[in-house]
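See below for the structure under consideration.
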2 protein chains.
Amino acid sequence: MALHRTGTVSAAAAQLHYGQPTISHHLRRLEVETGSVLLQRVGRGLRLTPDGERLAIRGAEVLALLARAEAELDASTSLQAGQVRLAAFPSAAATLVPAAVSLLARRHPGLGLDLVEAEPPEAAAMLRAGTVDIALTFAYPDQPEADGVTSVTVHEDQLSLVVPRALDPGDGPVDLADFADTRWVTGCERCRGELLALCELAGFTPQIAFASDDYVAVQSLVASGLGVTVLPGLALRAHLHPDVARRPIGGAARAIQITTYGAPPHPAAVEAVAAVLTEVSVA
Amino acid sequence: MALHRTGTVSAAAAQLHYGQPTISHHLRRLEVETGSVLLQRVGRGLRLTPDGERLAIRGAEVLALLARAEAELDASTSLQAGQVRLAAFPSAAATLVPAAVSLLARRHPGLGLDLVEAEPPEAAAMLRAGTVDIALTFAYPDQPEADGVTSVTVHEDQLSLVVPRALDPGDGPVDLADFADTRWVTGCERCRGELLALCELAGFTPQIAFASDDYVAVQSLVASGLGVTVLPGLALRAHLHPDVARRPIGGAARAIQITTYGAPPHPAAVEAVAAVLTEVSVA
DNA sequence: GCATAATCATCGATATGATCGATGTACGCC
DNA sequence: GGCGTACATCGATCATATCGATGATTATGC
């Protein structure tokens, strides 16, 4: 290519900051390797044959492609571009994620975020499969950490008792035992376990009337007097039915975690997303 | 790319017939060179980050481009493709070149020929400038060879006296002196010199009435009785006016040459064109 | 729960190949 | 015909790609 640009081997060598014999050597090797006639001695100079010229043009195309790849990589490294795939559970997707997206857009305008809704075990599987790069998960105190993934707690999500407005127990410490005879509604399967544990601690076994992992549906059921439930803060932040009352349950909380897969260092874009998620969580 | 295909460093090494540490080394160097996080240790294995995966895809594109360039070169070397640019003077363009094109099409169907009409000095300049790869030229015996180019004579082109049919001198040796008092028509500038030399040899100086390098026009002038002329065999093979008669002039001929520039070896496609041009010339 | 197998990182040694400076050869120019 | 320019060749040197052996870490199987 340098020979094509400059016309002489010496000039090509100068342009590439090499010695002249080096270029001669390279050209000879290229001819041997391709088995083609690329050069022709003409007078005291050298000229590219049509084949040689075509090869020089192809070479320029290759270098352009490499430059483009390098530019893409640089843009990604400098957080000017890139797409991060995030898995989040529903109540976080409705609260933390929108806040994070807004903050991310302000801080790194070129960075994009792909959101997938997934419950924690599903999210861990997606991390392992490489479907997503990072996940927002939650865990209850006694639950074992999912296998292979790394979780960092960024927020303690207070659990609250949720009752029909008419049954509001008022301020002060909540005693779940007051609702031992009431019918109960529970959320997802994992939350059900926590609910049972809390009630057992209060000295009774709740009568489960209905179960749904949709926190809007659960609140509607409570509002219409079908029972009471326990919901985490994020779910209530996302949506609070006007006809229900909420009272924090002392010492009951779930941990909101940022979960990743594999050992650091993580790509800069992933770290940037982790940073904004952390910020919007502690706030 | 091999890592992207196989999933593990060891498998990639096996596929590339390299040792495992070699691949590890390459990957590490690539990360340092790009300054990006391309890999992530995960369990006892290794995984490409999104950036790494994109780079692997770009690499495949680069390799595809290189393969395409190599295929082009191979096709050209094996005479399955290529374009050869040929300069030829008008009477050869009308006679030898069509025959050569036909033979070339039969022998190397993939090879293409670009024809440019050019008189010999012009053709030599085009060879030097690299505008054409090979040329058909002619030269009169006493003319010096053009500078820098290499010419090989492939045909002796007999010169003939061309007269109006009414003045046909009949068979037997032609004596130009018989036409000393006739008006003369001459061809191109270089042919004019040869005509003057022939006439001087015959003992007279011709009276030039008209000059043109168009052999069709010249024959028309002769046919209409405006004078007589000398034309080479190729011009008469290309076009013979019905109202003129032709008689070979003993010992008078021009050399038809294949002319190239620069030292051998020439590209295979150029040699192939030279071969067919030689064959159709001797026939 | 412990042994085993698998995977990748590190290290030192080797060999291949790139690069350079010096020199030789061919050509054009004055 | 001498001189300068341009490329080819040669031998020496240096960088680096590669390998085998080994170590660290993790998943798997009994």
request  = With side chain to side chain contact (heavy atoms under 4.5 Å, CB included) as the test, would you mind laying out the steps for A:V116 and A:M126 before giving the verdict?
outcome  = CA-CA 10 Å; A:V116 184; A:M126 295 177 86; 3.7 Å; yes
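Near-neighbour residues of DNA chain C inside residues 15-23 of chain B, defined by a heavy atom below 4.0 Å, number-ordered: B:Q20, B:P21. Sorted by residue number, the members of residues 40-53 of chain A with any non-hydrogen atom under 4.0 Å from DNA chain C read A:G43, A:R44.
When the side-chain nitrogen and oxygen atoms of A:S24 are compared with OP1 and OP2 of D:dA8, one or more of them lie within a distance under 4.0 Å. A sub-4.0 Å separation between OP1 or OP2 of D:dC7 and a side-chain N or O of A:S10 is present. A sub-4.0 Å separation between OP1 or OP2 of C:dA6 and a side-chain N or O of B:T8 is absent.
In this entry the distance linking CZ of A:R128 with P of D:dT26 reads 16 Å, nearest Å. Protein atom NE2 of A:H25 is 9 Å distant from nucleotide atom P of C:dG17, rounded to whole Å. Taking atom CG on B:L30 and atom C1' on C:dC8, their separation rounds to 17 Å, with Å as the unit. Between the CG atom of B:L27 and the C1' atom of D:dA17 there is a distance of 14 Å, rounded to whole Å. The nearest whole Å value for the distance from the CG atom in B:L3 to the P atom in C:dA9 is 10 Å.
Atom OH of A:Y18 has 12 or fewer neighbouring heavy atoms from other residues, nucleotides or ligands inside a 6.0 Å radius. Atom CD of B:E200 has 12 or fewer heavy atoms from other residues, nucleotides or ligands within 6.0 Å. Atom CZ of A:R192 sits in a sparse spot, with 12 or fewer heavy atoms from other residues, nucleotides or ligands closer than 6.0 Å.
When the nearest nucleotides of DNA chain C are assigned to B:R28 and A:R29 by heavy-atom distance, the more 5′-ward of the two goes with B:R28.
Across all strands, A:H26 comes closer than 4.0 Å only to sugar-phosphate atoms, never to a base (heavy-atom distances).
Side-chain atoms of A:S10 and A:Q20 form no donor-acceptor pair, as typed in the model, at a separation below 3.5 Å. Residues B:T150 and B:T260 have side chains that never bring a donor and an acceptor to within less than 3.5 angstrom of each other.
Using a 4.5 Å cut-off on side-chain heavy atoms (C-beta onward), A:R58 and B:E72 make contact. Using a 4.5 Å heavy-atom cutoff, the side chains of B:T259 and B:L136 are not in contact.
A salt bridge links A:R107 with A:E279: the closest approach of a Lys/Arg side-chain nitrogen to an acidic carboxylate oxygen falls below 4.0 angstrom.
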